[in-house]
Amino acid sequence: MRIRGEFFDVNVNITTNRGNIDIVVSVKISKKAVVRNRIRRQVREILRSYSKTKSFGGLNLKIIAQPRIVGIRFSDINNDLVSILSKIR
């Protein structure tokens, strides 16, 4: 299943194992590693705070950042990703 948001595409596969989360921020977004790593850190923080109330057990998530995410405030990124994650379950 694929869910699209304003800044992310999320591919979801159900598995019998523990599950896995992949964060993809390609060079197409920015050629600077600093920018790509910042986006990865922001997504990890959103997932960390979201997983305190919800569980991702049994799901393989592949979170793909879109190029328009560069320069966007953390609160907007948070709102988009949380709305996508809430559609999964």
Side-chain angles (χ1 to χ4, degrees):
M1 172 171 63
R2 178 182 230 175
I3 302 172
R4 290 181 174 240
E6 189 175 353
F7 306 117
F8 298 100
D9 286 346
V10 178
N11 295 333
V12 181
N13 293 319
I14 299 173
T15 182
T16 57
N17 297 337
R18 189 174 137 232
N20 190 23
I21 299 175
D22 297 327
I23 302 169
V24 179
V25 183
S26 71
V27 178
K28 290 180 182 179
I29 291 180
S30 175
K31 293 186 181 195
K32 296 181 179 182
V34 173
V35 175
R36 296 192 309 267
N37 290 335
R38 181 172 184 252
I39 293 169
R40 283 189 196 99
R41 285 194 308 270
Q42 289 176 335
V43 170
R44 269 190 248 121
E45 180 58 33
I46 294 168
L47 292 172
R48 188 177 301 120
S49 64
Y50 186 81
S51 67
K52 289 180 181 177
T53 58
K54 307 288 184 187
S55 172
F56 297 115
L59 293 176
N60 284 334
L61 298 177
K62 185 174 186 182
I63 301 171
I64 306 167
Q66 296 299 315
R68 57 187 166 267
I69 197 171
V70 176
I72 301 298
R73 292 180 304 168
F74 179 75
S75 61
D76 295 334
I77 295 171
N78 186 19
N79 292 339
D80 186 46
L81 191 55
V82 168
S83 69
I84 292 171
L85 294 174
S86 64
K87 293 176 185 177
I88 291 174
R89 291 259 169 166

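Model, not experiment: these values are computed from the prediction.
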Inset, instruction - Could you identify which residues cluster with Val34, counting Ile, Leu, Val, Met, Phe, Trp and Tyr as linked when any side-chain heavy atoms lie under 4.5 Å apart, either directly or through a chain of such contacts? - result: none
Legend entry - Connected-component partners of Val24 among ILVMFWY, side-chain separation under 4.5 Å: Ile64
How long is the straight-line distance from [atom2] of [Y] back to [atom1] of [X], given to the nearest 0.5 Å?
X: Arg41; Y: Ile46; atom1: CZ; atom2: CD1; answer: 13.0 Å
X: Thr16; Y: Ile14; atom1: OG1; atom2: CD1; answer: 11.0 Å
X: Lys87; Y: Arg4; atom1: NZ; atom2: CZ; answer: 12.0 Å

Inset, instruction - Answer yes if Val27 and Ile29 sit in the same cluster of Ile, Leu, Val, Met, Phe, Trp and Tyr residues linked by side chain heavy atoms under 4.5 Å apart, and no otherwise. - result: no
Inset, instruction - Considering non-hydrogen atoms only, spot the tightest contact between Thr15 and Leu59 and give its length. - result: CG2-N, 4.2 Å
Just wondering, do [Y] and [X] contact through their side chains at under 4.5 Å, heavy atoms?
X: Leu61; Y: Ile88; value: yes
X: Ile63; Y: Leu47; value: yes
X: Ile3; Y: Phe8; value: no

Legend entry - Of all pairs that satisfy salt bridge (Lys or Arg N to Asp or Glu O under 4.0 Å), the ones with a partner from residues 67-76, not counting sequence neighbours: Arg73-Asp76
Legend entry - Listed once per pair and sorted, the salt bridge (Lys or Arg N to Asp or Glu O under 4.0 Å) pairs that draw on residues 18-28, sequence neighbours left out: none
Inset, instruction - Apply side chain to side chain donor-acceptor pair (under 3.5 Å) to Gln66 and list each qualifying residue two or more places apart in sequence or on a separate chain. - result: Asp9
Legend entry - Pairs involving residues 14-48, ordered by first then second residue, that meet ring-ring contact (aromatic ring centres under 6.0 Å, His included) (sequence neighbours left out): none
Inset, instruction - Please identify each residue that fulfils salt bridge (Lys or Arg N to Asp or Glu O under 4.0 Å) with Glu6, with sequence neighbours left out. - result: none
Legend entry - ring pair (Phe, Tyr, Trp, His ring centres under 6.0 Å) partners of Tyr50, counting only residues at least two apart: Phe56
Legend entry - Pair listing, side-chain hydrogen bond (donor to acceptor under 3.5 Å, both in side chains) test, anchored in residues 30-39, at least two apart: Asn37-Arg40
Legend entry - Criterion side chain to side chain contact (heavy atoms under 4.5 Å, CB included) against Phe7, the qualifying member of Ile39, Val70, Ile69, Val43: Ile69
Legend entry - All side-chain contact (heavy atoms from CB on, under 4.5 Å) counterparts of Asn13, not counting sequence neighbours: Asn60
